[in-house]
Amino acid sequence: MNKVLQLGSEYFASQFGGAPDGLWSAPGRVNLIGEHTDYNDGFAFPIAIDKRTTVAARAREDRLLRVTSSSFPGMVEVNLDDVDPDALTGWAAYPLGVAWAMSLAAAGGASGLSGMDLALTSDVPAGAGLSSSAAVECAAALALSDLWGLGLDRPDLARIGQLAENRVVGAPTGIMDQSASLLGEPDHGILLDCQSLKTESVALGFAGAGVGLLVIDTRTSHSHADGGYASRRRSCEDGARRLGVGSLRALGPDDLPRAAAQLDGQTYRRVRHVITENQRVLDTVAALRTSGAAAIGPFLNESHVSMREDFEISTAELDLAVSSAQELGAIGARMTGGGFGGAALALVRNGDAGTVAEGIARDFAQAGYTAPHIFPVTASEGARREL
Ligand code: ADP
Ligand code: MG
């Protein structure tokens with residue numbers, strides 16, 4: 001048994017005693033490109049990363065759901081008959097929200113389901129823009145679907161995770177994070193069409209090209225549930241309505257002059273980000289296929305400018321991480337995730353990774369910012385049963 005699985009089993013034993021019925025894991029994700037496009041029915045291109053959340057689970061004879069996490073204090077208990085989506089709070093809202101959302105998909109609802117003990121361990125940093133939340137949701141969803149014998153497919157599991165996050169946690173996020181966590185493959189990104197929900201695995205060819213991704217976690221906090229995220233979402237909906245379309249996905253670069261004429265300056269800039277970002281996702285995938293990984297840098301760089309200037313979701317720390325990486329020779333760099341803090345990513349030649357990381361750390365120290373966590377990530381397999 002590898003170390004992570006051993007830790008998961010040991011943690012389960014320390015909390016509940018004995019061995020779990022099984023162990024499931026799901027990765028965090030990094031979004032290579034396509035930010036704030038998912039809830040606009042657009043395109044995103046995330047990657048499942050080599051950091052995972054593990055759920056060790058065991059069915060119970062009674063109707064109690066018990067959940068515990070090595071990252072957060074306290075065991076939370078609720079009876080399956082009393083799961084109230086409005087009453088769940090804190091970290092336990094993620095796994096228990098999944099249980100609630102999944103019970104809606106079960107024939108006969110919650111009444112036919114058994115109680116469950118769930119123990120979570122993880123090396124996905126929380127709140128860093130790497131979707132630790134989706135890693136929890138997807139690992140829990142796969143575990144519950146298996147142990148409850150529901151046999152749900154991956155698109156179902158993604159929707160259940162999203163429903164838990166939207167309805168129970170109250171974060172109005174799209175389906176990108178769960179799709180990446182469930183569908184990832186080694187050295188592949190997932191091209192996600194958020195309108196049709198079609199997904200396509202696209203070879204990255206990073207290893208062959210001698211390049212890799214560095215994540216720069218600025219360790220500045222963000223919260224999807226409040227303020228900025230919701231207001232950006234409202235602006236996009238407002239822009240679509242005023243332009244007479246169901247979602248911004250219906251618009252392309254040719255529609256920008258009309259949008260400029262019809263919208264106020266701020267709404268126009270929000271809309272322009274989404275329209276151009278959708279195009280950059282498609283351009284990135286096309287460049288990977290025709291020219292290889294080293295050709296996608298400009299799209300990453302342009303994406304950052306768009307988020308800084310038009311969508312206004314970057315921060316001074318994220319801007320420094322990006323400009324610093326670019327000056328140190330990165331092929332491309334951008335903030336990633338919802339914004340307002342969290343992480344940036346840089347595509348670097350393998351031989352440059354050390355210098356780029358050291359240089360960014362130096363620039364942060366000079367600016368008086370909190371020391372960032374800088375680490376490589378590789379595209380990895382999606383959620384799976386481990387044991
Ligand atoms: P992100 O998904 O970008 O990491 P979010 O704010 O969406 O940030 O989700 C972070 C939240 O997810 C944490 O505050 C916690 O409530 C929950 N979470 C993440 N990892 C774990 C974990 N290992 N155990 C329990 N809850 C977790
Ligand atoms: Mg999240």
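Just so it is clear, the values below take in all heavy atoms, side chains as well, and ignore hydrogens, waters and symmetry mates. In each ligand, atom 1 is the first atom listed, and ligand 1 is the first ligand listed.
- Using a 4.5 Å heavy-atom threshold, the side chains of Arg52 and Glu386 count as touching.
- Here the side chain of Ser145 pairs no donor or acceptor atom with the backbone of Ala141 at under 3.5 angstrom.
- For ligand 1, the atoms closer than 4.0 angstrom to any heavy atom of Gly127 are 1 (P), 4 (O), 8 (O).
- Between the side chains of Ser25 and Thr54, no donor-acceptor pair of N or O atoms lies under 3.5 Å.
- Between Trp91 and Phe72, the ring planes are parallel. Angles under 30° get that label, and only those over 60° would be called perpendicular.
- Arg58 places no side-chain N or O within donor-acceptor distance of the main-chain N or O of Pro20, the cut-off being under 3.5 Å.
- Taking every non-hydrogen atom of Ser69 and a distance limit under 4.0 Å, the qualifying atoms of ligand 1 come out as 22 (C), 23 (N), 24 (N), 25 (C).
- Among Ser181, Ser132, Ser133, the single residue meeting the side chain to side chain contact (heavy atoms under 4.5 Å, CB included) criterion with Val124 is Ser132.
- Not one N/O/S atom of Thr173, from backbone or side chain, sits under 2.8 Å from the Mg ion (ligand 2).
- Among Gly338, Ala139, Ser132, Gly342, the residue whose heavy atom lies closest to atom 1 (P) of ligand 1 is Ser132.
- Two residues are said to be in side-chain contact when any heavy atoms from C-beta on lie closer than 4.5 Å; Phe45 and Leu288 meet this criterion.
- The closest approach between Gly337 and ligand 1 stays at or above 4.0 Å for every heavy atom of the residue.
- Residue contact check: Ala126 has heavy atoms under 4.0 Å from atoms 4 (O) of ligand 1.
- Looking at Trp91 against ligand 1, both its backbone and its side chain come within 4.0 Å, counting heavy atoms.
- Both the backbone and the side chain of Ser133 come within 4.0 Å of ligand 1, counting heavy atoms alone.
- Taking 4.0 Å as the cut-off, Leu120 counts as a neighbour of ligand 1 on heavy-atom distance.
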